[in-house]
Amino acid sequence: QVQLVESGGGLVQAGGSLRLSCAASTNINRISAMGWYRQPPGKQRELVAAFTGSGRQNYGNSVKGRFTISRDNAKNMVYLEMNSLKPEDTAVYYCNINTSPFLSKDSDYWGQGTQVTVSS
């Protein structure tokens with residue numbers, strides 16, 4: 001079992017920046033599938049940013065050019081740098097990893113989420 005703990009959420013004004021952190025309880029050095037998702041109030045969870053192998057990254061259309069996902073394998077940390085924040089970015093943000101090379105559901109893990117609120 002793997003635990004993921006997000007931190008860094010909070011209240012920020014539109015146009016501001018915020019950095020989210022995800023601490024993993026396992027070695028992430030060889031884990032390719034890692035990403036951030038978010039769920040606005042009353043809405044479906046959506047992709048924010050994810051690693052897609054070989055260090056490549058995939059971003060949701062609404063955050064392209066504003067958010068950046070990064071990782072520190074030595075510290076078992078995943079980060080999400082959020083810039084030029086908009087009120088529509090308000091959501092609970094979740095860290096996700098899959099530890100299986102076959103992306104098995106049994107190896108899919110989620111953090112508890114961290115709230116990000118962007119005011120107008």
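These figures come from a predicted structure and were not determined experimentally. One is the number of the first residue; the rest follow in order along the sequence.
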Inset, instruction - Could you tell me the separation between the CD atom of Gln3 and the SG atom of Cys22, rounded to the nearest 0.5 Å? - result: 11.0 Å
Inset, instruction - Would you sort out whether Asp89 and Arg66 count as a side chain to side chain contact (heavy atoms under 4.5 Å, CB included), showing the intermediate values? - result: CA-CA 11 Å; Asp89 295 319; Arg66 299 189 297 121; 2.7 Å; yes
Legend entry - Heavy-atom closest contact (Pro40 atom, Ala91 atom, distance): N-CB, 3.5 Å
Inset, instruction - Rounded to the nearest 0.5 Å, what's the gap from CD on Gln13 to OG1 on Thr117? Could you check? - result: 13.0 Å
Legend entry - Inter-residue atom distance Glu88.CD - Lys43.NZ, 0.5 Å rounding: 8.5 Å
Inset, instruction - Let me see the working for Arg71 and Asn73 under side chain to side chain donor-acceptor pair (under 3.5 Å), right down to the final yes or no. - result: CA-CA 6 Å; Arg71 62 195 290 174; Asn73 290 342; 2.8 Å; yes
Legend entry - Whichever hydrophobic residues join Ile28 through chains of side-chain contacts under 4.5 Å: Val2, Leu4, Val12, Leu18, Leu20, Ile31, Met34, Trp36, Val48, Phe51, Tyr59, Val63, Phe67, Ile69, Val78, Leu80, Met82, Leu85, Tyr93, Ile97, Tyr109, Val116, Val118
Inset, instruction - First locate atom CZ of Arg19, then atom OG of Ser7, and finally report the distance between them rounded to the nearest 0.5 Å. - result: 9.0 Å
Inset, instruction - Given side chain to side chain contact (heavy atoms under 4.5 Å, CB included), test Arg38 with Ser62 step by step and report yes or no. - result: CA-CA 12 Å; Arg38 70 186 183 187; Ser62 63; 3.1 Å; yes
Inset, instruction - Evaluate whether atom CD of Gln115 has more than 12 neighbouring non-hydrogen atoms of other residues, nucleotides or ligands under 6.0 angstrom away. - result: yes
Inset, instruction - Ignoring hydrogens and angles, state whether a donor on the side chain of Asn98 or Ser107 is under 3.5 Å from an acceptor on the partner side chain. - result: no
Legend entry - Side chain Gln112, main chain Glu6, donor-acceptor under 3.5 Å: yes
Legend entry - Apart from Leu47 itself, residues in the same hydrophobic cluster as defined by side-chain heavy atoms under 4.5 Å: Tyr37, Val92, Tyr94, Trp110
